[in-house]
Amino acid sequence: MKINTNFGNIAENYLFSTVASKLAAFQKEHPEREIVKLSVGDVTRPLAPVVIAAMHRAVEDLAHAETFKGYGPDRYSYGYPELLDAIRSSYARKGVEVKREEVFISDGAKSDLGNLLDLFSAENVVLVPDPVYPAYVDANTMAGRKILYADANRENVFLPLPEEGVHADLIYICSPNNPTGAVYDRAGLKAWVDYAKREHALILFDAAYEYFISDPALPRSIFEIEGARDCAVEICSFSKTAGFTGVRCGYTVVPDTLCFDGFSLNRMWARRQATKFNGASYIPQMGAAAVFSEEGEEEIRANIAYYKENARIIGDCLDGLGIWYTGGKNSPYIWLKCPNDMKSWEFFDALLEKAGVVGTPGSGFGKNGEGYFRLTAFGTKENTEKACRRIEAFCRG
Ligand code: PLP
C-alpha cells in the first residue's frame, strides 16, 4: 500500500487553534476578565420559525407509513422536488434561470467545494486569492495540484483581477469573500468569466454569503454574468443564509452547458455523486425548502438584518477611529488594517490583553493578510456594542 503523501504537504493550520489556546491561557491567568469574541464565523441566531415548523412536519412524515421517506426520490440531484423548485425560484428572483437537473443538493458547501475536485486531473493548475478560505488550498494540496495565488491587497481593495500571462485551469472565487468581506461588482466578475473562457478554465464560485448582499447593483450569482454558464459552477449553502451550520444543507449548480474535452460536467458530477453520496437528509431538505418561501425569505432576512446591524456598528466604530477596512456592508465580515502598523498577531495580543476582545489575525489566511484583522458580525448586538466600546477605548487610550 502506498500512502497519499500529498497529505504531508498540507500546512498545519494553527490559526483557530492558536486563537483558542491564547484565549484559554489568558482566561486562566485572568479569570475575572470578561472576554468578548468577534472571531467566530458561526451563526448565533436561532432558526427561522417557518423552517422549524417545516422540519417538525418532516419529522412527523417519517413517523407514518403513508408519508415515510427512505432514500431521496431524485437519484440524479438527490433533491426533493419542493427544494429543487424553491432553489430555482430563488434564482429566478435574481433573474437567473436554472433547470432542475442542474441543481444538486448537498450537506453543505464545504463538501462540494472539495468533492467537485474528483472531476479534474491532478495536473490542473489552481488559482486562489490570497488571503483565502483555507479549505480551497488544503483540498487541492491533498490531490497534489499546483496552486497559484492572486494577490488581494489594499491597492485592489482585496478584489484581485486576472493577470495577463498567468494561466490557471481551476479558479476559486468567493464573493462576498471570507475573510475580507469584499464583494465583486459585475465588471469584476465579467473579467473573471472572460479570463476563464480565454484560458479554457473553470470557475468554482463560492456564494456562501450571497444573502448578505443588499446593494442591488452587486451580483449575487456568477450566473448573472453573461457567459458564466460556459465556465462556472456555483456552490451555495444554507449555513449563513439561514443559520444551517448545525443542520447541514447546501446546493451546487452545474450548468448542462459545461463541456470540457467532450465531457459534460453536469453528467460527471451526477455520476460522481451517485457513486460516493446518498443524498442530504430529508428533514434539513424540508427546512431548506421553507427558507425560500415568501414567509421564509422574510424571516431569514430579519436574522441577516440583525447581523448586518452588528456589521454597521463595527464599521461606524472603525470610521470614527479612522481605521481603514473593507467588508461589512454586503458581508458579515469586516477586514481592517491593524492600527499603528501593528502585525496581525501583535494586534490580537494587544486587543485581548488591553481590551478583552478577540478577533482573527489576518496573517492566518495568507501572506497578504499580514497587518490585517478579521472581525465578524455573527455575535449578539450587546456583545458587538461592548466590543466596539472597548476597541474605541483601546485605540484612543
Ligand atoms: N465557503 C466559505 C467561504 C465559508 O466561509 C464556509 C463556512 O464558513 C463554507 C464555504 C462552508 O459552508 P458549509 O457550512 O455549507 O459547509
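By convention here, the first residue in the shown sequence is residue 1. Just follow the structure's listing: the first ligand is 1, and inside any ligand the first atom is 1.
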Which residue holds the protein heavy atom closest to [atom], what is that atom called, and what is the gap in Å?
atom	answer
atom 8 (O) of ligand 1	K240 NZ, 2.8 Å
atom 16 (O) of ligand 1	R248 NH2, 2.8 Å
atom 3 (C) of ligand 1	D206 OD2, 3.2 Å
atom 5 (O) of ligand 1	Y209 OH, 2.6 Å
atom 12 (O) of ligand 1	A109 CB, 3.8 Å
atom 9 (C) of ligand 1	Y133 OH, 3.2 Å
atom 14 (O) of ligand 1	S239 OG, 2.6 Å

Practice item. Just jot down the salt bridge (charged side-chain N to carboxylate O under 4.0 Å, His left out) partners of R220, sequence neighbours excluded, or say none. Key: E210

Practice item. Could you list the residues that satisfy salt bridge (charged side-chain N to carboxylate O under 4.0 Å, His left out) with R57, not counting sequence neighbours? Key: none

**Study point:** Under 3.5 Å: N/O of T245 near N/O of ligand 1
**Key:** no

Exercise for review: Indicate yes or no: does an N/O atom of Y136 lie under 3.5 Å from an N/O atom of ligand 1?
Suggested key: no

Point to revise | CG (D341) with more than 12 external heavy atoms under 6.0 Å | key: no

Any salt bridge between [X] and [Y], counting N to O under 4.0 Å?
X	Y	value
D118	K276	yes
R229	E97	no
E224	R186	yes
K329	D215	no

**Study point:** Element-labelled atoms of ligand 1 that are located less than 4.0 Å from some non-hydrogen atom of K110
**Key:** 11 (C), 13 (P), 16 (O)

**Study point:** Sub-4.0 Å atoms of ligand 1 with respect to non-hydrogen atoms of C174
**Key:** 3 (C)

Study note, to complete from the structure: Closest non-hydrogen atoms of N368 and D130, given as atom of the first, atom of the second and distance, are ND2-O, 3.0 Å

Exercise for review: Report yes or no: does G250 have a heavy atom closer than 4.0 Å to ligand 1?
Suggested key: no

